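Since the structure is predicted, the reported quantities are computational estimates derived from the model, not experimental observations.
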Amino acid sequence: MRTIGLIGGMSWESTALYYKLINERVRDRMGKLHSAPLLMYSYDFQEIKEMQYAGRWDEAAASLAEVARRLEDAGARAIVLCTNTMHKLAPDIMSRVTIPFIHIGDATAERIRARGYRRVGLLGTKFTMEEDFYIARLRAHDLDVLIPPADERADVNRIIYDELCLGIASAPSRRRYRDVMAALVARGAECVILGCTEITMLVGRDDTTVETFDTTAIHAETAADFAIG
């Protein structure tokens, strides 16, 4: 198998899911006691959050790109960035390595298109929902992307940072997400992208009337398949 380099810690709650899901996929496909060869760098997420909210994206880009280079030097044969939001810096990371970068947006869009959907609702951090780096990636796969209105985006973002990244999944927040997803469906969303790697801790297929696409699971499965080859 090929070794995967994971850039994690954003947050560690979802990075732990990546480790579990990748190894479960390898076990299910290969049997016996097989597990995935992985290298991981895990960030102190508080430092990354401060960079995000202060707009210090150049500093964050330099750091993530250097980590990717070090993982390649250590033997990784592909890079997996265990977060949706920091894919804003995917071009910077890709510029520093010669190995494949497995993009979470591409993996998710390909899964959605394979299911025959075109109009999608997107949940994520405010950066993912409001900036172009992620939505443009989905649109490149001929997807029409719907996002919640401003007040709903604020609640979705707050719950991610203030609760899910701390391992808190509360009933009131689940109800709020259900309402947000229902509103997207009412506007024509054929499915909903859980476009933050922590959202899967709170809601899933049973919380809406349409199919949901868990980016954490999709990305982890794609990484495992690459490792197996």
Test L123 against L184 for side chain to side chain contact (heavy atoms under 4.5 Å, CB included), laying out the working first. CA-CA 10 Å; L123 301 181; L184 288 170; 3.9 Å; yes

Determine whether S11 and E198 satisfy the following criterion, side chain to side chain donor-acceptor pair (under 3.5 Å), listing intermediate values before the conclusion. CA-CA 8 Å; S11 67; E198 284 80 25; 2.8 Å; yes

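In this pair, F45 and Y161 present their aromatic rings parallel. The plane angle is below 30°, not in the 30 to 60° band.
Remark: the backbone N or O of G9 is paired with a side-chain donor or acceptor of T15 at under 3.5 angstrom. At distances below 3.5 Å, not a single donor-acceptor pair connects side-chain atoms of E190 with backbone N or O atoms of V210.
Atom OG1 of T98 is separated from atom CD1 of I79 by 9.5 Å, given to the nearest 0.5 angstrom. From D44, atom CG reaches atom NZ of K49 across 12.5 Å, with rounding to the nearest 0.5 Å. To the nearest 0.5 Å, atoms OG1 (T125) and CD (E130) are separated by 8.5 Å. Rounding to the nearest 0.5 angstrom, the gap separating the CG atom in D179 from the OG1 atom in T208 is 10.5 Å. Atom OG of S63 sits about 8.5 Å away from atom CD of E47, to the nearest 0.5 Å.
Here the closest non-hydrogen pair linking M129 and I147 is O-CD1, 3.3 Å. Smallest separation of non-hydrogen atoms from V26 and A36: CG2-CB, 3.8 Å. Nearest heavy atom pair, residue L164 against residue I199, reads CD1-CA, 3.9 Å. Of all heavy-atom pairs spanning T215 and Y18, the tightest one is O-OH, 4.5 Å. Taking each heavy atom of C196 and G124 in turn, the nearest pair found is CB-CA, 4.0 Å. Contact detail for P148 and L122: the closest heavy-atom pair is CD-O, 3.4 Å.
When R111, R115, R205 are each tested for a salt bridge (Lys or Arg N to Asp or Glu O under 4.0 Å) with E211, only one passes: R115.
Within 6.0 Å of the CG atom in D58, the count of heavy atoms belonging to other residues, nucleotides or ligands does not exceed 12. Within a 6.0 Å sphere centred on OH of Y19, other residues, nucleotides and ligands contribute 12 heavy atoms or fewer.
Between W57 and F133, the distance separating the two ring centers is not shorter than 6.0 angstrom. Here the two rings, on H87 and Y134, have centers that are 6.0 Å apart or farther.
Put simply, the side chain of N84 does not reach to within 4.5 Å of the side chain of T108, judged on heavy atoms. R158 has its side chain within reach of E163: a pair of non-hydrogen atoms, C-beta onward, lies under 4.5 Å apart. Under the 4.5 Å side-chain criterion, counting only non-hydrogen atoms from C-beta, T197 is not in contact with L17.
A salt bridge links E66 with R69: the distance from a Lys NZ or Arg NE/NH1/NH2 to an Asp or Glu carboxylate oxygen falls below 4.0 Å.
By the salt bridge (Lys or Arg N to Asp or Glu O under 4.0 Å) test, R187 is found to be paired with no residue, residues two or more places apart in sequence or in another chain being considered.
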